[in-house]
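By convention in this document, chain letters (A, B, ...) are assigned in the order of the sequence lines, proteins followed by strands, and residues within each chain are numbered from 1. Note that the structure is a prediction, hence the values are computed from the model and not measured.
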Amino acid sequence: MRYSKLFAPTLREVPAEAEISSHQLMLRAGMMRKVASGVYTYLPLGWRTIDKISDIIREEMNNAGGQELMFPIIQPAELWQKSGRWEVYGAELWRVKDRHDRDFCLGPTHEEIATSLILNDVNSYKQLPLMIYQIQNKYRDERRPRFGLMRGREFIMKDCYSFDRDDAALDVSYHLMYDAYVNIFNRCGLDFRPVKADNGAIGGSSSHEFMVLAESGEAEILYCDTCDYAANVEIADCGKAEIVKEAQLPLEKVLTPECRTIIDVAEFLHMDTMKTMKALFYMADEKPVLIFVRGDRMMNEIKVQNYLGATLFYMGTEEDLHNAGLTQGFIGPCGQNVRVLLDREVAESANLCCGANEEGYHLKNANFGRDFQGEVGHFRLVEAGERCPDCGGSLQSARGIEVGQVFKLGTKYSISMEASYLDENGKANPFVMGCYGIGVGRTMAAAIEQNHDENGIVWPKAIAPFQVVVVPVSEKSERQMKAANDLYAGLREKDVEVLLDDRAERAGVKFKDADLIGIPLRITIGDKSLDQGLLEYKERKSGASGSLDAADAVSEVLRLLEGIE
RNA sequence: CGGGACGUAGCGCAGCUUGGUAGCGCACCUGAUUUGGGAUCAGGAGGCCGCAGGUUCAAAUCCUGUCGUCCCGACCA
């Protein structure tokens, strides 16, 4: 590509709307432009990288046995009504009507469509396993689109669906995909970690997320410093801490006027917050429930919701609180009429302080079993520094960008959509499914988050829009242009993606742009070195520079490229 | 959806308090001089000041509404 013809409008200044590096750099490097909130045009440079990532994904998916196809974006409401998600998915589902006032949606994901395809065209165990995937735009009417491509309303996703005859076969498919994902993100040059994850709205039995480690990541992960345990904080577990044995003291009711928060109470009674418990009041499918965790801990909504199996789950309003007959600020588990969930730490600790269910009073030395009852479980967020649940090592915290997720769906969709196959005995069984997603644009953004410096993007070679940029210092110098054109032609012949900066710009501008758009290798052609029969190179990432023989430039460049990651 | 902020040229901003009909830097076009890390000078093009009402002789500026955008929280590739 000749730079003079390339449509890549670079910006010197950072657009005010962009907050994080990847968003700023994609705009500055002329890779994309915003059309509406969470909706973007990919310009040629951005699209080339999207293409490179897509190609890597395709190769690995095909190697794992996947077959590419293309589902429609527009999907009829009936399919979603059948699976039950037309109601459950909520406002995020982008609903549209046709001219006959019939309901459709723009696909946020394709479990329904995939299942309905298989339901019609796959009938026998002999056709299994089957793995189908596509790379396509997805639509989610996000409450808050954010950070450019990180969270858009329209985004490019690779989604894959596996159909197997039983759980054991699903295991095989799942691991094939898991390994393919590891390969994909490695090939994209990303520093990432697969972590255990919640299944969320998609449902199913188990799941892993692939997290690219970055400070700007929206997710918090915990990983063990000793073994390979790693999990999203939403579902992270921890090993047991030693409980200091303590004799149970008599229950005592104390006056605590105006002490409505844990901090107030702890200060007023001169005790540590870890000797208190706090009450969280939620509505689960319209029924009130109280969750108690130690005063210094945070409740884990996901774990509680999963435990309750609730679809509608939200923190109770003051009205809900009133209806349940609770006194805000003084809620305790003793003699409680509302359903009580106790974090296991609360059940295991002795002599905690809790609300007395009476305005202005708390109870000291409350003990599980003796003074209060409840369903015990793991209902709190695990924190960095706690014990690894697998090996007892220390858990570390990191932030990550979720670029992919693999799910074991089981029979959730095949049962609701009545998709089954006949086994050897002629008996109908529901397909056992898995689904596997990769955010392609998000992967690109994550790669930039992880690979940039003050001058711009530093692309990993595998996903750079061009591998080499050839920069003649002056486009007016005939011999520079001759050398540049020769090298350009030679590299193209070797299938190297090369950009020839033939613009009538000063060298400084060309260098700045080359750095900004992040081309891994730059070849500079100037009179000084040409006089000695040499060209100059500079590696974007390492900054390493030197000369190479002009007469043998093509093979020298190929050799240099070999050494760049 | 709750909280906060902002909409003035492609991008970054000033002007608004105290109303008088729009300005700066970058980018863009022409010419000259330059030419190895975002050149200099001269000339030029580009804006219904988000939109709609209202107040006023007069509105970018004051008032109301509306739309859009961004950030923080609850949700997810």
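Whole-Å rounding puts the Tyr3(A) OH to rG38(B) C1' distance at 12 Å. The distance between atom CE of Met211(A) and atom P of rC76(B), rounded to the nearest whole Å, is 13 Å. Taking atom CG on Leu106(A) and atom P on rA77(B), their separation rounds to 18 Å, with Å as the unit. The interatomic distance linking Glu92(A) (CD) with rA74(B) (P) rounds to 15 Å, in whole Å.
Within 4.0 Å (heavy atoms only), Gly152(A) reaches at least one base atom of the nucleic acid. Nucleic acid contact class of Thr443(A) (heavy atoms, under 4.0 Å, all strands): none.
Applying the 4.0 Å criterion to OP1 and OP2 of rC71(B), one finds that Arg146(A) has every side-chain N and O outside that range.
The side-chain ring of Phe511(A) is not stacked on the base of rG38(B), judged by centre separation under 5.5 angstrom and plane angle under 30 degrees.
Among the candidates Ile517(A), Asp515(A), Val509(A), the single residue satisfying the side chain to side chain contact (heavy atoms under 4.5 Å, CB included) test with Asp513(A) is Val509(A). The residue from Glu218(A), Glu17(A), Glu19(A) that alone fulfils the salt bridge (charged side-chain N to carboxylate O under 4.0 Å, His left out) condition with Arg146(A) is Glu218(A).
Judged by Watson-Crick or G-U wobble contacts below 3.5 Å, the nucleotide rG38(B) has no partner. Across the strands present, rU64(B) finds its partner in rA52(B); the criterion is a Watson-Crick or G-U wobble pair with both atom distances under 3.5 angstrom. With a 3.5 Å ceiling on both atom-pair distances, the Watson-Crick or G-U wobble partner of rC28(B) is rG44(B). In this entry rA22(B) has no Watson-Crick or G-U wobble partner, no candidate having both defining distances under 3.5 Å. In this structure rC76(B) sits in no base pair that meets the Watson-Crick or G-U test at under 3.5 Å.
Mapping Thr10(A) and His23(A) onto RNA chain B by nearest heavy atom places Thr10(A) closer to the 5' end of the strand. Along RNA chain B, the nucleotide nearest to Glu234(A) and the one nearest to Arg12(A) differ in position, and the one closer to the 5' end is contacted by Arg12(A).
Considering only residues two or more places apart in sequence or on other chains, Phe511(A) meets the ring-ring contact (aromatic ring centres under 6.0 Å, His included) condition with none of them.
Residues of residues 535-547 of chain A that place a heavy atom closer than 4.0 Å to RNA chain B, in numerical order, are Glu536(A), Lys538(A).
A donor atom on one side chain and an acceptor atom on the other are not found under 3.5 Å apart for Tyr139(A) and Asp141(A). Neither side chain, Ser474(A) nor Gln480(A), offers a donor N or O lying under 3.5 Å from an acceptor on the other.
Distance check on atom C1': rG65(B) versus rC26(B) gives 36 Å, rounded to whole Å. With C1' as the reference atom, rG53(B) and rG12(B) are 32 Å apart, rounded to whole Å.
Between Phe210(A) and Tyr178(A), a ring centre-to-centre spacing shorter than 6.0 Å is recorded.
Under the 30°/60° scheme for interplanar angles, the aromatic rings of Phe379(A) and Tyr307(A) are found to stand perpendicular.
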